[in-house]
Amino acid sequence: MKKWLEKKRTDKKMTQYQVAKLSNMPRTTYSSIEQGRRRPSVKNAMRIATVLGFDWTIFFEKEIRETTLKNKEVKK
């Protein structure tokens with residue numbers, strides 16, 4: 001998940017802290033989502049998407065889920 005979400009954030013010239021604060025979540029939670037270590041809840045997905053300006057359902061698209069799962073398998 002890291003690549004596309006990080007790009008969305010950096011394209012807006014925002015820090016993880018800024019996105020997390022505007023999304024009303026701890027920075028560590030946002031960081032874990034961006035790095036693919038954690039999947040967002042629907043509520044958090046909607047908040048992040050609103051802040052960064054994209055459709056929140058992208059978090060739950062098959063390609064994104066598979067990339068996240070592959071990242072977890074590699075890290076084990």
Side-chain angles (χ1 to χ4, degrees):
M1 200 170 294
K2 182 179 181 183
K3 298 288 183 196
W4 72 268
L5 186 55
E6 181 180 26
K7 181 165 176 22
K8 295 276 189 193
R9 177 178 57 79
T10 57
D11 285 352
K12 295 275 187 177
K13 296 181 173 47
M14 295 179 77
T15 64
Q16 287 184 346
Y17 176 80
Q18 290 169 318
V19 174
K21 184 173 181 167
L22 292 171
S23 300
N24 196 30
M25 70 181 70
R27 187 206 53 83
T28 54
T29 299
Y30 176 79
S31 178
S32 293
I33 293 167
E34 185 176 284
Q35 293 174 9
R37 294 182 304 197
R38 182 177 186 166
R39 290 188 61 209
S41 65
V42 169
K43 184 182 345 181
N44 282 343
M46 292 173 87
R47 289 174 176 172
I48 293 167
T50 298
V51 169
L52 295 178
F54 62 89
D55 181 9
W56 66 272
T57 60
I58 194 170
F59 280 108
F60 304 102
E61 289 180 3
K62 184 178 179 185
E63 181 180 307
I64 299 299
R65 285 196 321 268
E66 287 175 355
T67 302
T68 301
L69 290 174
K70 286 179 187 175
N71 287 341
K72 286 182 181 180
E73 290 172 5
V74 169
K75 290 179 183 177
K76 287 184 179 179

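Computed from a prediction, not measured in an experiment: that's the story for all the values here.
- Within 6.0 Å of atom OH in Tyr17, 12 or fewer heavy atoms from other residues, nucleotides or ligands are found, so the atom counts as exposed in its surroundings.
- Here the straight-line distance linking atom CZ of Arg9 with atom CH2 of Trp4 works out to 12.5 Å at 0.5 Å rounding.
- Note: Ser31 OG to Arg37 CZ = 5.0 Å, rounded to the nearest 0.5 Å.
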Given side-chain contact (heavy atoms from CB on, under 4.5 Å), test Val42 with Trp56 step by step and report yes or no.
CA-CA 8 Å; Val42 169; Trp56 66 272; 3.8 Å; yes
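- Counting only distance, with no hydrogens or angles, the side chain of Gln18 and the backbone of Thr15 share a donor-acceptor pair below 3.5 Å.
- Atom NZ in Lys12 sits 11.5 Å away from atom CG in Leu22 (nearest 0.5 Å).
- Taking every heavy atom of both residues into account, Pro40 and Phe59 meet most closely at CG-CD2, 3.5 Å.
- The line from CG of Leu52 to OG1 of Thr10 is 9.5 Å long, rounded to the nearest 0.5 Å.
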Taking it one step at a time, do Arg47 and Val51 satisfy side-chain contact (heavy atoms from CB on, under 4.5 Å)?
CA-CA 6 Å; Arg47 289 174 176 172; Val51 169; 5.7 Å; no
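- When only modelled atom types and interatomic distance are considered, Thr57 and Glu61 share no side-chain donor-acceptor pair under 3.5 Å.
- Between the NZ atom in Lys8 and the CD1 atom in Ile48 there is a gap of 13.0 Å [rounded to 0.5 Å].
- Residues that satisfy the side chain to side chain contact (heavy atoms under 4.5 Å, CB included) test with Thr29, not counting sequence neighbours, are Met25, Pro26, Ile33, Arg38, Asn44.
- Applying the salt bridge (charged side-chain N to carboxylate O under 4.0 Å, His left out) rule to Asp11 yields the partners Lys7; only residues at least two apart in sequence or on another chain are considered.
- In this structure, NZ on Lys21 lies 11.0 Å from CE on Met14, to the nearest 0.5 angstrom.
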